[in-house]
Structures are given as C-alpha cells and as structure tokens.
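Below: one structure, written as structure tokens.
Everything numeric in this text was worked out from a predicted model, so none of it was measured.
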Amino acid sequence: MLFINNTITSPYFNLSAEEYMLKNMDESIVMMWQNEPSIIIGKNQHLASEVNEEFVREKALKVVRRFSGGGAVYHDLGNLNITFIESSKDIDFMKYTKQMQDLLSMIGIHAIADQRRALTIDGLKISGSAQCIHRDRAMYHATLLFESNLENLTVALNSSEKPLNDKKHVQSVRSTVTNIKDHMAVPLSISEFKTSVKEFFLTNNNESSTYTFTNSDRKAIEKLADEKYSTTDWNFHKNNK
C-alpha cells in the first residue's frame, strides 16, 4: 500500500489526482489531502439544486464536480479527506468505513456508521463518503470534519432552488454536522491529527510505504485538471440539462 500525504490544496488538482491514480496506477493507495474552501459535487448532481450560488460568488468558492457519485460537500482546510484506491474484483466498501472508525477510535472518538457509510457522533455527522469503480479498480473517498467552518458549510449547501424530481440527478441527503475536535477529551491540532492519520495507515499495513507524486505524475494530473476539472463544461454543464 502506498500512502500519499498530498499537501496541494487546489480542488482541481486533487480531484484530478484521484482519477489519475484510479486509471493509471496499479498499487493500492491511501491519499490524505485537503482543499482550500470549495464545494465538491457528485458526478450526477444538478448544481443549482445543491449549491447556494449567491454565496459561492460572494466567497469566490471553487465548485468542482468529482468523478464519483454521491452528494455535495463543503471543503476547507479544517476538513481532512482520505481516498482509498485498490484493484479488486469483489470490493467491500464497508471495509474502508471500518478503517475510518478504527482511525477515529485511536484518538478516542467512537463513530457510528449508518447505511450510507456516513459516520456520526451522537447522531451528528462527521464524515460522508462516495465511491466508484473503474474496470477492476475501486475508489472510496471520505471527508473528516475536524475543525471546519460549519456556518459556511451550512450556508454554502443551502440552495434556494427546489430539488429536481427525476431519476437522472442524485439529491444530497442533508444532515446536521459537527466537528471531531469538539468531541475530543484531549484536543489535537489538525496538524497533529494528520500525523496520527499517517501513523495509523503506515503502522497497520506491513507492506506500506510513502509515495510522492513524480514529475510525470504531476504533469499528467495538471493536464487533466486543465482539460477537465477546472472547466466550465465539466463542473457546471454536465447533467444540468
């Protein structure tokens, strides 16, 4: 297993990195990453039904459509993302949810998983996830609300438009959220939390090693970001008709 501590915070680059690794690498991968303030929507969502577009313009938030399905999420530097990618012909996505629970247990957080593989503390959501399969490769990625701006999160995802009543578009499931940090007996900084995450994955897998994107990787990812993930056509027009 390759562990990638991706320190780039551009959502265009990071969503491109996921697709690049899914389609072009053979190894099992765990990537830890963060985005600058942005909204990430599912592949099959109708943008205007999910996002407060006035708030997006006011805050100059980037809106990026991801390769996987699922609902819309708000990212900022108080949120940590974990991506799992591996080759498998019989994938069990719940095993990744269990790893997330074990990770949180290590810092004293008892998180409950629901049927959609979201994680909660006392009924309040701290993590949402989405997944996809490309040929024999599977990707599962999840958020961890550690110390996010929850007011901005709530406003950003509060669209004034009614959801479309059709089978073409996936509707987000709204939940009341909380930050992990507010439930810790001994608070950590997000930097300390990231160190714990790295140690967890590297010590719990005997065949794990760290990996840094090569120049070739970065060029390919940046090309994909330029040609797809930063484009109006992909982010705003896809499935909006």
For side chain to side chain contact (heavy atoms under 4.5 Å, CB included), just list the numbers for Thr178 and Leu145, CA-CA rounded to whole Å, side-chain angles, deciding distance to a tenth of an Å, and then say yes or no.
CA-CA 7 Å; Thr178 188; Leu145 292 172; over 6 Å; no

I'd like to know whether Leu2 forms a side chain to side chain contact (heavy atoms under 4.5 Å, CB included) with Ser28, so could you lay out the CA-CA distance, the side-chain angles of the two residues, the decisive distance to 0.1 Å, and finally the verdict.
CA-CA 6 Å; Leu2 302 180; Ser28 295; over 6 Å; no

Is there a side chain to side chain contact (heavy atoms under 4.5 Å, CB included) between Leu61 and Val51? Walk through the geometry before answering.
CA-CA 11 Å; Leu61 298 177; Val51 173; over 6 Å; no

Working for side chain to side chain contact (heavy atoms under 4.5 Å, CB included), residues Met94 and Thr97
CA-CA 5 Å; Met94 274 303 296; Thr97 307; 4.0 Å; yes

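Counting non-hydrogen atoms of other residues, nucleotides and ligands closer than 6.0 Å to CD of Glu207 gives a total of 12 or fewer. Within 6.0 Å of CD in Glu54 there are 12 or fewer heavy atoms belonging to other residues, nucleotides or ligands. Dense packing is recorded around CG of Asp136, with more than 12 heavy atoms of other residues, nucleotides or ligands lying under 6.0 Å away. The neighbour count for Lys23 NZ, taken as heavy atoms of other residues, nucleotides or ligands under 6.0 Å away, is above 12.
Rounded to the nearest 0.5 angstrom, Asp217 CG and Thr212 OG1 are separated by 10.0 Å. Asn79 CG to Gln34 CD: the interatomic distance, rounded to the nearest 0.5 Å, is 7.5 Å. Taking OG1 from Thr176 and NZ from Lys125, the interatomic distance works out to 10.5 Å, rounded to the nearest 0.5 Å. For the atom pair CG (Leu22) and CE (Met139), the distance works out to 5.5 Å, reported to the nearest 0.5 Å. Note that the NZ atom of Lys198 and the CD1 atom of Ile4 stand 12.0 Å from one another [nearest 0.5 Å]. Annotation: the span from His183 atom NE2 to Asp122 atom CG amounts to 6.5 Å, rounded to 0.5 Å.
Considering Thr9, Thr83, Thr7 as possible partners of Trp33, the one that fulfils the side chain to side chain donor-acceptor pair (under 3.5 Å) test is Thr83. Of the listed residues (Val56, Leu47, Val64, Leu153), just one forms a side chain to side chain contact (heavy atoms under 4.5 Å, CB included) with Ile39, and that residue is Val56.
Here the side chains of Arg117 and Met100 are not in contact, with every heavy-atom distance at 4.5 Å or above. By the 4.5 Å heavy-atom criterion applied to side chains, Ser16 and Tyr229 are counted as neighbours. With contacts defined as side-chain heavy-atom distances shorter than 4.5 Å, the pair His141/Phe67 does not qualify. Taking 4.5 Å as the limit, some side-chain heavy atom of Pro37 sits within range of a side-chain heavy atom of Tyr74. Proximity of Lys43 to Ser68: side-chain heavy atoms (C-beta onward) are nowhere separated by under 4.5 Å. Ile29 is listed as a side-chain neighbour of Arg137, based on a closest heavy-atom distance under 4.5 Å. Looking at Met25 and Tyr211, their side chains come closer than 4.5 Å, going by heavy atoms from C-beta outward. The closest side-chain heavy-atom distance from Asn235 to Lys62 is not below 4.5 Å.
Residues Leu150 and Met184 are members of separate hydrophobic clusters, defined by side-chain heavy-atom contacts under 4.5 angstrom among Ile, Leu, Val, Met, Phe, Trp and Tyr. In this structure, Phe146 is not a member of the same hydrophobic cluster as Met31, with clusters built from ILVMFWY side-chain heavy atoms closer than 4.5 Å. The hydrophobic clustering, which links ILVMFWY residues whose side-chain heavy atoms are closer than 4.5 Å, places Phe201 and Met32 together. Following chains of ILVMFWY side-chain contacts shorter than 4.5 Å, one cannot reach Leu124 starting from Ile180, and the two form parts of different hydrophobic clusters. Neither Ile85 nor Phe93 shares a network with the other; the hydrophobic side chains, linked directly or stepwise wherever heavy atoms of I, L, V, M, F, W or Y lie under 4.5 Å apart, form separate groups for each.
Under a 3.5 Å cut-off, the side chain of Asp114 and the backbone N or O of Arg116 do form a donor-acceptor pair. The backbone N or O of Ala142 lies less than 3.5 Å from no partner atom in the side chain of Ser129, so there is not a single donor-acceptor pair. With hydrogens and angles disregarded, a donor-acceptor distance shorter than 3.5 Å links the side chain of Gln45 to the backbone of Ala72. Between the Ser88 side chain and the Asp90 main chain, a donor and an acceptor come within less than 3.5 Å of each other. The backbone N or O of Gly69 lies less than 3.5 Å from no partner atom in the side chain of Asn44, so there is not a single donor-acceptor pair.
In this structure, Pro11 and Ile40 approach most closely via the heavy-atom pair CB-CD1, 4.1 Å. Counting all heavy atoms, side chain and backbone alike, His75 lies closest to Val73 at NE2-CG2, 3.6 Å.
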Output a table of donor-acceptor pairs, distance under 3.5 Å, between side-chain atoms of residues 101-113 and any protein atom two or more places apart or on a different chain; print 'none' if there are none.
from   : atom 1 : to     : atom 2 : distance (Å)
Gln101 : NE2    : Ala111 : O      : 2.9
Asp102 : OD1    : Lys98  : NZ     : 2.9
Asp102 : OD2    : Lys98  : NZ     : 3.2

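In this view, Tyr96 and Phe84, Tyr140 satisfy the ring pair (Phe, Tyr, Trp, His ring centres under 6.0 Å) rule, not counting sequence neighbours. Applying the ring pair (Phe, Tyr, Trp, His ring centres under 6.0 Å) test to Phe200 and every residue at least two apart in sequence or in another chain returns nothing.
Side chains of Asn81 and Asn35: a donor-acceptor N/O pair is absent below 3.5 angstrom, by distance only. A donor-acceptor pair shorter than 3.5 Å cannot be found between the side chains of Asp76 and Asn152.
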